[in-house]
Amino acid sequence: MQHYLSLKDIDSLPQWVEEARSLKANPLQFKALGEAKTICLLFFNNSLRTRLSTQKAAMNLGMEVIVMNFGSEGWALEYGDGTIMDQGTSEHIKEAAQVVAQYCDIVAIRAFASLTDREKDEAEVVMNGFKKYAGIPVVNMESSVGHPLQALADAITLAENNTKKRPKVVLSWAPHPKALPHAVANSFVEMMHLQEADFVITHPKGYDLNPEVTKGAKIEYDQDKALEDADFVYVKNWSSYKDYGKVMNQDKNWTMTNKKLGKAKFMHCLPVRRNVVVADEVLDGPNSLVVQQANNRTYSAQIVLKKLLESLKG
Ligand code: CP
């Protein structure tokens, strides 16, 4: 594997989940693998889990870690070819990526969607710019369209809690006051395409995700119907894809409650707005897996870094 940019970079999800669970049982078993190797973590956006868990994963593998809040501390980057740079951008991705690559062996990047220009967001200029010019492995720590480290952690969490051959898993939209990206939902759907499960997506009309991502998935606009007999309910807000980046609806009837959840396990990537996205009673109750999901972020990052380090060693 050369890069970890999307779920497509996983050759066998069950095998990766099994290996990640083995790393969780004995996190320091490959401590020598990353000796004398450095990872740069570049954040164009805020983070708690991704920043700490990826750092922890790298440390478990014996790597050195350099973290930079690029969005607030780095030069504003230009991505266009042939641009006359007489406006707000100070440095071109061509130089920046090559320079970063001199300081590390792997670069991991977080760069969210703008939610103002769908075409530009889908072009993934930051991730693809580093991939094109850095010449070292690139890890996606949440881009405009995907959050594959989160989805891999979610797969680990599902495996740890599933007791059925074919569980029912529901991805349910929830209200939120701000326009949020589609990345987590997209990667969760892509990950569920690789699972043996009865998978249903539910959201109000107007909130359909990119049809290329949801192709083949069951979509049910009636949330109560979708939630019937669910084993796992993954709740997430996203803004409209069709009316790109717009908040069309803040209907509180979509907030997850114990009554809606029933006996199902509750999942969310965090951070989460209490009593908007989900009621306190769910987050504080026995069926919430959110802290376990956050813990599994370390092992999803660790399996990815382990595979990249193995590739580097040839
Ligand atoms: N779930 C997740 O990516 O959390 P952070 O945004 O805090 O990194």
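A side-chain donor from one of Y234 and D154 sits under 3.5 Å from a side-chain acceptor of the other. In the model, E64 has no side-chain atom that pairs as donor or acceptor with a side-chain atom of T38 under 3.5 Å. No side-chain donor-acceptor contact under 3.5 Å links E124 and N140. If you check the side chains of W238 and N186, you find no donor sitting under 3.5 Å from an acceptor.
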*asked:* Could you walk me through whether N249 and D251 satisfy the side-chain hydrogen bond (donor to acceptor under 3.5 Å, both in side chains) test, starting with their C-alpha distance in whole Å, then the side-chain angles of each, then the deciding distance to 0.1 Å, before giving a yes or no?
replied: CA-CA 6 Å; N249 179 343; D251 186 353; 4.8 Å; no
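Relative to the ring axis of Y299, R21 does not place its NZ or CZ within 45° and under 6.0 Å from the centre. Cation-pi check for K306 over F30 is met; the charged atom lies under 6.0 angstrom from the ring centroid and within 45 degrees of its normal.
Within 6.0 Å of CD in Q15 there are 12 or fewer heavy atoms belonging to other residues, nucleotides or ligands.
In terms of modelled atom types and a separation under 3.5 Å, the side chain of Q29 and the main chain of S22 share a donor-acceptor contact. E35 places no side-chain N or O within donor-acceptor distance of the main-chain N or O of M63, the cut-off being under 3.5 Å.
The side-chain heavy atoms of D105 and I136, taken from C-beta on, include no pair separated by under 4.5 Å. No side-chain heavy atom of L305 sits less than 4.5 Å from a side-chain heavy atom of Y4. Between P204 and Y221, every side-chain heavy-atom pair lies at or beyond the 4.5 Å cut-off. V107 is not listed as a side-chain neighbour of P137, based on a closest heavy-atom distance of 4.5 Å or more. Side-chain contact between H92 and L77 is absent, with no heavy atoms from C-beta onward closer than 4.5 Å. The closest side-chain heavy-atom distance from Y244 to D121 is below 4.5 Å.
Here F112 and H147 keep their ring centres 6.0 angstrom or further from each other.
For the residue pair Y207 and K246, the shortest heavy atom distance occurs at OH-O, 4.2 Å.
Rounded to the nearest 0.5 angstrom, K164 NZ and D198 CG are separated by 10.0 Å.
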